[in-house]
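To keep things clear, I will list the structure first and then write my remarks on it.
By convention here, the first residue in the shown sequence is residue 1.
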Amino acid sequence: MNERLDYKQIDAETLRFRVRVTPGAKQAGIGGTHDGALKVAVHTAPENGKANQAVIKAIAKQLGISKSRVVILAGQTARVKSIEVGGLAAAETIERLTALASSPRQ
């Protein structure tokens, strides 16, 4: 799929975007898009916020930033979540996210 990732730049180091989460996936990873949202698959089941924590950890790892720099703004109990990341130049974050969105799961 060659969809475009939708994002919004808040300031020089803050970016917001959506993710579509597949909890309880056999194969975890980040890659591709679905309706403008970055696809994220995690092994963890959606119980007591564990899948949300796994999503935060996966995004932080792929972007090379601290987990504290990744925040779920909306969609705590939904598959589609609004994410805000900071601590990295927005242009660099956009470049890394675009690479993830255009590749198969990593």
request  = Kindly indicate, with the supporting measurements, whether the criterion side-chain contact (heavy atoms from CB on, under 4.5 Å) is fulfilled by V19 and V80.
outcome  = CA-CA 6 Å; V19 296; V80 178; over 6 Å; no

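- Here the shortest heavy-atom pairing between Q9 and L15 reads CA-CD1, 3.6 Å.
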inquiry  = Pair V40, T22 - check side-chain contact (heavy atoms from CB on, under 4.5 Å), show working.
reply    = CA-CA 6 Å; V40 179; T22 304; over 6 Å; no

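- A distance of 9.5 Å separates OG in S82 from CD in Q76, rounded to the nearest 0.5 Å.
- What you find for V71 and S68 is that their closest heavy atoms are CG2-O, 4.5 Å.
- Rounded to the nearest 0.5 angstrom, Y7 OH and L97 CG are separated by 9.5 Å.
- Between atom CD of residue E13 and atom CD1 of residue I65 there is a gap of 10.5 Å, rounded to the nearest 0.5 Å.
- The shortest non-hydrogen separation linking R16 to E84 is NE-OE1, 2.5 Å.
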ask   = Can you list the steps and then say if I56 with Q53 is a side-chain contact (heavy atoms from CB on, under 4.5 Å)?
value = CA-CA 5 Å; I56 289 170; Q53 290 305 311; 4.1 Å; yes

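- Nearest heavy atoms, D6 versus F17: O-CB, 3.6 Å.
- How far CG of L88 is from CD of E95: 10.0 Å, rounded to the nearest 0.5 Å.
- Remark: the backbone N or O of G75 is paired with a side-chain donor or acceptor of K81 at under 3.5 angstrom.
- In terms of heavy-atom proximity, K50 sits nearest to T44 at CB-CG2, 3.4 Å.
- In this structure a side-chain-to-backbone donor-acceptor pair under 3.5 Å is present from R96 to L63.
- Counting heavy atoms from C-beta on, the side chains of P23 and H43 never come closer than 4.5 Å.
- Note that the CZ atom of R69 and the OG1 atom of T93 stand 11.0 Å from one another [nearest 0.5 Å].
- The two atoms that bring P46 and A51 nearest to each other are CA-CB, 3.8 Å, heavy atoms only.
- Atom CZ in R20 sits 12.5 Å away from atom CG in L38 (nearest 0.5 Å).
- No donor-acceptor pair closer than 3.5 Å links the side chain of H34 to the backbone N or O of K39.
- Side-chain atoms of T14 do not come within 3.5 Å of backbone N or O of D11 as any donor-acceptor pair.
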